[in-house]
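Order of appearance sets the numbers: ligands from 1, and atoms from 1 within every ligand.
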Amino acid sequence: MPVVPVITAFKRSPDRGRGLARDMRVRWALEEVGQSYAVRPVSFAAMKEPAHRTLHPFGQIPTYEENGLVLFETGAIVLHIASRHEGLLPPDPDARARAINWIFAALSTVEPVVVEREAAQYLERDMPWYAERRRLVDKRVLGKLTDLSRRLGKADWLDGRFSAGDLMIADVLRRLGGTGLLARFANLAGYVVRAEARPAFQRAYAAQRAFFQAAAG
Ligand code: GTB
C-alpha cells in the first residue's frame, strides 16, 4: 500500500489563501516530484497542544509525516523530498551540493532579513522609532537582494537547472511581493515570475487556495 505523506497547515491561514505560509514550499516540492500528499489542518490553539508538539516541538506548521518519520523544519522537509525523488537535485555530486547550498542560503541568509522586516512591521509599527527601524530593515533586505541579483545575473536559475535551492530562494522572495523591494531588481522579479509559472507551483498554489476557501466556508 503506498504511503502518502501527511503535512500540516494553518486551518485558517492569516495569508487568506495567498500561499505565503511555509506549507507552500512543501506542497510545491511534493508537486515538483509528483508525490501525492494529504493535508491536516491545525488551528492556532491545537498547534500549541501537546499532541501537535510531539510532531513540532515549537508548536508551528508545517509538519511532515511519512511512514513513521516526522519532520518539522521546511529546509529538512524539502531536502528530504528532494533526496528521495528525482527532479529537485542534480545527480552530479558537486552540483547536488551546490543546490543544497542554496537551500541553506535561503534559510540562513535571505529569510532571516525578510522575517525581521515583517516582524518590525507587525510589532513596531506604532512605535516612535518605526520609520528609522523600517529604513534599517529595508536596507538589510536590499543588501541581500543586491547580492542575489548580482549572482543570478541573466540566468534563469541560480545554478543550471531549476533545483530545490531555487524553490526555497523563490519561496522566500515571494514574501517580498507587494513591498516594492523586489521590483527594484528586474532579474529577481523575473525569477519569481518564472518560478511561479511552473506547473507544480500552480498546482500547489491552487490546492492551498482551495484549502483556505473550504475552511472559510
Ligand atoms: N523554521 C520553521 C520552518 O521553516 O519550518 C518556521 C515555521 C514557521 O514559522 N511556521 C509558522 C507558524 O507556525 C507559519 S509560516 N506560526 C505560528 C506560530 O508560530 O504560532 C510563517 C507565516 C505565517 C503567516 C504568514 N502570512 O499570513 O502571510 C506568512 C508566513
Filter on ring pair (Phe, Tyr, Trp, His ring centres under 6.0 Å), then keep only pairs touching residues 78-133, sequence neighbours left out; what's left? Y64-H80
Give the protein residues with at least one non-hydrogen atom closer than 4.0 Å to an atom of ligand 1, ordered by chain and number. F10, P14, D15, L20, A21, R22, M47, K48, Q60, I61, F72, E73, T74, R175
For F10, which fellow cluster members are found when Ile, Leu, Val, Met, Phe, Trp and Tyr are connected by side-chain heavy-atom distances below 4.5 angstrom, either directly or through intermediates? V42, F44, M47, I61
Mind running side chain to side chain contact (heavy atoms under 4.5 Å, CB included) on L167 and L88 for me, showing each step along the way? CA-CA 9 Å; L167 186 152; L88 279 175; 4.3 Å; yes
Give the C-alpha distance, both sets of side-chain angles, the deciding distance and a yes or no for salt bridge (charged side-chain N to carboxylate O under 4.0 Å, His left out) between R175 and E111. CA-CA 9 Å; R175 287 179 72 165; E111 191 160 55; 3.6 Å; yes
Show which side-chain atoms of residues 144-156 pair as donor or acceptor with protein atoms under 3.5 Å away, not counting sequence neighbours.
residue : atom : partner : partner atom : Å
T146    : OG1  : L142    : O            : 2.7
S149    : OG   : N187    : OD1          : 2.8
S149    : OG   : N187    : ND2          : 3.4

Taking the six-membered ring of W157, is NZ or CZ of R194 closer than 6.0 Å to its centre and within 45° of its axis? yes
